[in-house]
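Indexing begins at 1, ligand by ligand and atom by atom, following the structure's order.
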Amino acid sequence: MPRRAFRIFVELEGMYRNIVEQLVLYAVNNGITKFTRLRAEKYRELRSLYPQLPSHYAYTACQDAAERAHSFLRMRKMGRARKPYPEVRSVSIWLDDHLWRAEGLTSISITTHKGRLRVSIELNKHFLRYVNRGWRLATEAKVKLDRRERRLTLYLTFKKEVSEYRPKGYITVDVNEDAEAVLIDGIVYLLETGLSRVTLGYYYRRKRVQEKYDGVYGPGSRPERKIFKRLGSNERALKREIRWKLATLIVREAAKRQAAIVLERLGKEPAKNMIERIKDPQLRYRIFQAAFKGIQKAIEEKAREYGVPVIYVDPRNTSRVCPIHGAEIIYGKDRHGVCSKGGEMWHRDVAACYNLLLRALGGDGGSAPSHMRAFVAVDGGPVPLGPTAAHEPIRISRSLWARWRSLRGREEAQGGKEVK
Ligand SMILES: [Zn+2]
């Protein structure tokens, strides 16, 4: 932006920040978490304190502050607030329909204390993707100042009327550190991601760089930091690409079948039993973020884009119990085990996928009720009873699935001899 125009936004942000700071303090002191109450008690005062500011900023600042107060009070209640009072650190200016307006696709205008300002905008791919899918812009927006580049970042909200479909089926996803097991139409696909290997690979590369450079330049030198930065951004980009491609593949399959996606409900702490062999807690956290949290987030966002519902179920013991008999599966090596009651073979990820499905069918997210288990098995329903073949997942390497647009596409590509 031109320097002069940007200056106005800096002033605006300053005023807005002051208002939000005051409001948050007041809200927390008085236990207010509702925007309407905060507005009722402070609006008049704000108007007389900032007469030059368009009145709708008093509204949006109240909304902003009420949300901050609400989350702070909740954190304090849980004993997780770090400070006795909330800190207003990063600020984005909240706008409502009176404060901004799109002027075609090339610029917007924003109302400020110096009148209406027109700002030219640059759309990104993400924006166009949503518009193409039939999403419409909501009236609220947020603006953040980027002082270094002297530009504004505009955060928009899209909305869409969705007819929430009653799922006709379920696609269950069991996430592991290096692969994703996906149950579609009675077949478990094991889509390899290699995410923990990516994390570990970069970790060791960083270590090698550190050892080499520390010896020459001493710790924390500039060339070392430069290499770290590059490695970090490469790592992030690669992981992001893996996650998005995988999420897109799964969500597309769900949308095609009008199915819901079933995911494990993950806790906040790194899933210890899944990656406990990693001793370094930071490394364990990073693997968890990349392989578990990150994949789920990507699936959630893609699912929203396509209007596919996501269901969460209790992940406890999903691979330890036989989906047919409810008895313990005794595992040997190679992720293979034998049901202690029926004696049939199970692959760990296949058992997990079917148990997630049972829990989703059970509806309560807890363990599937026993009648459901019996029903499914007797009915010849979703659980395969064949002694061997169906218990083995179809393993697909990343180099393969990353090039597919759908799991069906490969049947045609390979002459229909696969899968069925
Ligand atoms: Zn069994």
Mutual orientation of the aromatic rings belonging to His98 and His56 [parallel < 30°, tilted 30-60°, perpendicular > 60°]: parallel
Within 45° cone and under 6.0 Å: Arg206 NZ/CZ vs Tyr203 ring: no
For the Zn ion (ligand 1), every protein N/O/S atom that sits closer than 2.8 Å, waters excluded: Cys322 SG, His325 ND1, Cys339 SG, Glu344 OE2
Geometric cation-pi criterion Lys293 and Phe288, 6.0 Å radius, 45° cone: no
With sequence neighbours excluded, residues passing side-chain contact (heavy atoms from CB on, under 4.5 Å) with Ser71: Arg74
With sequence neighbours excluded, residues passing side chain to side chain donor-acceptor pair (under 3.5 Å) with Glu224: none
By salt bridge (Lys or Arg N to Asp or Glu O under 4.0 Å) - contacts of Arg136 (at least two apart): none
